[in-house]
Number of protein chains: 2
Amino acid sequence: MFERELLKGSLGLMLMALLEQGPMYGYQIAKHVRDQTDEVIDLKEGSLYPALHRLEKEGMLEAFWQRREDGVDRRYYQLTAEGMRVLTERRAQWNRFSAAVSKVVSDGSIQ
Amino acid sequence: MFERELLKGSLGLMLMALLEQGPMYGYQIAKHVRDQTDEVIDLKEGSLYPALHRLEKEGMLEAFWQRREDGVDRRYYQLTAEGMRVLTERRAQWNRFSAAVSKVVSDGSIQ
DNA sequence: CAAGATACTTTGTAATACGAGGTATAGAAT
DNA sequence: ATTCTATACCTCGTATTACAAAGTATCTTG
């Protein structure tokens with residue numbers, strides 16, 4: 001009920017940052033994030049897939065289907081050129097923002 | 001349209017962290033945050049006051065009116081004991097969360 | 001054959017930042 | 001005198017969005 005709200009606004013950024021390293025598919029992304037953050041961030045399907053579709057519609061990502069030998073279809077997402085450009089902006093914005101919050105939140109002993 | 005979403009979930013935390021240092025009133029809080037974060041975070045009244053009321057209702061804050069000599073009323077907010085306890089939790093949660101996001105978001109060269 | 005993991009989808013709901021509007025006072029500028 | 005700016009509070013409606021929950025389908029493992 002609180003953790004949930006923290007993610008708002010940074011999920012899209014995280015997805016774009018991940019896909020900067022190369023195309024990935026949904027399930028893979030979720031696992032990657034879960035592992036890389038020691039389960040601090042556990043992307044739920046109800047957030048992940050809508051977020052990917054949203055970014056695709058905004059032109060940040062492009063998607064393509066790929067069938068595995070066993071017949072399982074996977075939808076891969078990759079960052080567009082526009083997505084790359086916007087990622088740079090949002091990364092900087094996140095850094096500014098998180099530094100600002102941390103400054104206020106870390107107790108007065110620093111100030 | 002994006003910055004807005006980043007704030008979700010961390011506004012309450014920031015307010016509680018500020019009030020840890022002593023009672024403050026709404027306008028003062030907004031100015032303090034704006035100054036302390038070099039205007040990165042600019043709390044709007046439509047967010048600030050509802051957030052304060054919310055925290056009050058949740059028992060995190062207590063409020064009292066105080067009249068200045070010139071007749072202007074100010075509503076001061078202070079952290080409750082329960083608020084103090086919850087603040088500790090949320091502070092830790094924010095640190096975990098922001099570290100996790102930063103890890104994913106900072107490019108692959110670190111990994 | 002049942003159970004779990006993999007893999008994607010959609011619908012409805014709850015939470016919340018903020019725009020925009022409102023009220024009221026004090027002091028400075030025109 | 002009046003307008004403007006700053007201070008100081010409030011509330012309603014809207015947009016956004018994470019997620020729970022449900023569904024579909026395949027493959028592997030017990």
Side-chain angles (χ1 to χ4, degrees), chain A residues 1-16 23-35 40-58 60-61 63-77 90 93 97 100-101, chain B residues 1-16 23-35 40-58 60-61 63-77 90 93 97 100-101:
Chain A
M1 72 197 74
F2 183 73
E3 189 112 40
R4 179 195 202 118
E5 296 300 323
L6 277 180
L7 199 55
K8 290 193 180 177
S10 47
L11 174 55
L13 169 64
M14 274 196 294
L15 296 177
M16 289 168 73
M24 290 177 90
Y25 58 94
Y27 215 81
Q28 187 183 11
I29 292 171
K31 242 170 81 177
H32 197 265
V33 170
R34 201 162 36 237
D35 292 350
V40 171
I41 297 174
D42 180 21
L43 300 184
K44 307 303 160 58
E45 295 170 301
S47 331
L48 176 60
Y49 291 110
L52 287 170
H53 299 335
R54 210 184 300 148
L55 289 168
E56 194 186 354
K57 201 183 290 180
E58 289 169 5
M60 303 295 112
L61 307 181
F64 56 92
W65 284 101
Q66 198 155 308
R67 171 157 294 181
R68 239 175 22 180
E69 299 118 36
D70 59 25
V72 175
D73 285 326
R74 284 165 167 170
R75 191 158 175 78
Y76 282 83
Y77 291 89
R90 294 200 181 167
Q93 188 182 37
F97 174 78
V101 172
Chain B
M1 75 195 73
F2 184 73
E3 189 111 40
R4 179 194 201 121
E5 296 300 323
L6 277 180
L7 198 55
K8 288 193 181 177
S10 46
L11 174 55
L13 169 64
M14 274 196 295
L15 296 177
M16 289 167 73
M24 291 178 88
Y25 59 94
Y27 216 81
Q28 187 185 9
I29 291 172
K31 241 170 85 177
H32 196 265
V33 170
R34 201 161 37 236
D35 291 351
V40 171
I41 298 173
D42 180 21
L43 300 184
K44 306 303 160 56
E45 294 170 304
S47 331
L48 176 61
Y49 291 111
L52 287 170
H53 299 334
R54 209 185 301 146
L55 290 169
E56 195 187 354
K57 202 183 290 180
E58 289 169 5
M60 304 294 113
L61 307 181
F64 55 93
W65 285 101
Q66 199 155 306
R67 171 157 292 180
R68 238 175 23 181
E69 299 118 37
D70 58 23
V72 175
D73 285 326
R74 285 163 166 173
R75 190 158 175 79
Y76 282 83
Y77 291 88
R90 294 200 180 166
Q93 189 182 37
F97 175 79
V101 173

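In what follows, every chain begins at residue 1, and chains take the letters A, B, ... in the order their sequences are listed. None of the values given here were measured: they were computed from a predicted structure.
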How many Å lie between [atom1] on [X] and [atom2] on [N], as a whole number?
{"X": "B:Trp65", "N": "D:dC9", "atom1": "CH2", "atom2": "P", "result": "7 Å"}
{"X": "A:Arg74", "N": "D:dT26", "atom1": "CZ", "atom2": "P", "result": "16 Å"}
{"X": "B:Tyr27", "N": "C:dA26", "atom1": "OH", "atom2": "C1'", "result": "13 Å"}
{"X": "A:Lys44", "N": "D:dA21", "atom1": "NZ", "atom2": "C1'", "result": "12 Å"}
{"X": "A:Met24", "N": "C:dA7", "atom1": "CE", "atom2": "P", "result": "11 Å"}
{"X": "A:His32", "N": "C:dA7", "atom1": "NE2", "atom2": "C1'", "result": "18 Å"}
{"X": "A:Arg34", "N": "C:dA5", "atom1": "CZ", "atom2": "P", "result": "11 Å"}
{"X": "A:Met14", "N": "D:dA18", "atom1": "CE", "atom2": "C1'", "result": "11 Å"}

Please state whether the phosphate of [N], meaning OP1 or OP2, lies under 4.0 angstrom from any side-chain nitrogen or oxygen of [X].
{"X": "A:Ser47", "N": "D:dC19", "result": "yes"}
{"X": "B:Arg75", "N": "D:dC9", "result": "no"}
{"X": "B:Arg54", "N": "C:dA17", "result": "yes"}
{"X": "A:Tyr49", "N": "C:dC8", "result": "yes"}
{"X": "B:Lys31", "N": "D:dA6", "result": "no"}
{"X": "A:Tyr25", "N": "C:dA7", "result": "yes"}

*Map A:Leu43 and B:Lys8 onto DNA chain D by nearest heavy atom, then report which one ends up closer to the 5' terminus.*
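Nearest nucleotide further toward 5': that of B:Lys8.
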
*asked:* Parallel, tilted or perpendicular: which one describes the rings of B:His53 and B:Tyr77, with boundaries at 30° and 60°?
replied: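 Ring orientation of B:His53 relative to B:Tyr77: tilted.
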
_Step-by-step side chain to side chain contact (heavy atoms under 4.5 Å, CB included) determination, B:Ser10 to B:Phe97_ = CA-CA 11 Å; B:Ser10 46; B:Phe97 175 79; over 6 Å; no

*asked:* Pick the closest DNA chain C nucleotide for A:Gly46 and for B:Asp42 by heavy atoms, then say which residue is nearer the 5' end.
replied: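 Of the two residues, A:Gly46 wins.
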
*Can you measure from CE (A:Met24) to CG (A:Leu52) and round to the nearest 0.5 angstrom?*
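CG of A:Leu52 is found 10.5 Å from CE of A:Met24.
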
*Spatial distance of atom CG (B:Leu43) from atom NE2 (B:His32) [nearest 0.5 Å]*: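 Output value for this atom pair is 12.0 Å.
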
*Select base, sugar-phosphate, or nothing to describe what A:Leu11 touches, counting heavy atoms under 4.0 Å on all strands.*
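Sugar-phosphate, no base atom in range.
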
*Could a donor-acceptor pair under 3.5 angstrom be found where the side chain of A:Glu45 meets the base of C:dC8?*
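When only heavy-atom distances are counted, A:Glu45 does reach the base of C:dC8 through a donor-acceptor pair under 3.5 Å.
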
*Mind checking whether B:Tyr27 and B:Arg74 have side chains closer than 4.5 Å, heavy atoms only?*
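No, too far: nothing below the 4.5 Å cut-off.
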
